[in-house]
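Sequence positions, counted from 1, serve as the residue numbers for this chain.
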Amino acid sequence: AECMSSLLKEYREHVVPMVEHLNPYLLPMLLEVERQPDERRVAISIFDDVVEHAGVSGGANSLLPQYMPRVLQCCLDPDEDVRQVAVYGVGMCFAHLLHP
């Protein structure tokens with residue numbers, strides 16, 4: 001997640017295709033109920049970074065339908081770290097939607 005975050009900070013929307021290529025690995029980490037909280041946190045953190053650094057209009061929009069429903073559910077996750085990154089991601093989405 002830290003490596004992807006660094007790439008997104010530097011190259012912004014140009015990294016979104018790489019994230020989309022990783023979806024077969026990231027989405028199960030987020031969607032499968034038997035996954036560990038750390039796996040959910042990593043998947044959400046990468047989504048958060050895409051929204052924050054690439055922006056909704058810069059490519060994150062393509063990820064919203066796949067990620068956002070589960071990110072919203074994770075706002076109520078029993079694990080506090082998962083809740084924190086989920087709420088942060090929702091906030092980033094609203095911030096970028098209001099001020100693209």
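Atoms CD1 and CE, on Ile46 and Met18 in that order, are 11.0 Å from each other to the nearest 0.5 Å. Asp48 CG to Cys93 SG: the interatomic distance, rounded to the nearest 0.5 Å, is 7.5 Å.
Within the structure, no pair that satisfies the ring-ring contact (aromatic ring centres under 6.0 Å, His included) test touches residues 25-46, not counting sequence neighbours. The salt bridge (Lys or Arg N to Asp or Glu O under 4.0 Å) contacts involving residues 66-85 comprise Arg40-Asp77, where partners must be two or more places apart or lie in separate chains.
For Asn23, the side-chain hydrogen bond (donor to acceptor under 3.5 Å, both in side chains) partners are Gln66, Tyr67, not counting sequence neighbours. Under the side-chain contact (heavy atoms from CB on, under 4.5 Å) criterion, Pro69 pairs with no residue at all, not counting sequence neighbours. Residues forming a side-chain contact (heavy atoms from CB on, under 4.5 Å) with Glu39 (at least two apart in sequence, or on another chain): Met29, Arg35, Gln36. Residues that satisfy the side-chain contact (heavy atoms from CB on, under 4.5 Å) test with Val90, not counting sequence neighbours, are Met68, Val71, Leu72, Cys75, Phe94.
Contact annotation: the side chain of Val19 approaches that of Leu26 to within less than 4.5 Å [non-hydrogen atoms, C-beta and beyond].
Each of Val51 and Val87 belongs to its own hydrophobic cluster when Ile, Leu, Val, Met, Phe, Trp and Tyr are linked at side-chain heavy-atom distances under 4.5 angstrom.
Taking both residues in full, the closest heavy atoms of Ile44 and Val82 are given as CD1-CG1, 4.1 Å, listed atom of the first, atom of the second, then distance. Minimum interatomic distance between Ser62 and Pro65 (heavy atoms only, all atoms of both residues): O-CD, 3.8 Å.
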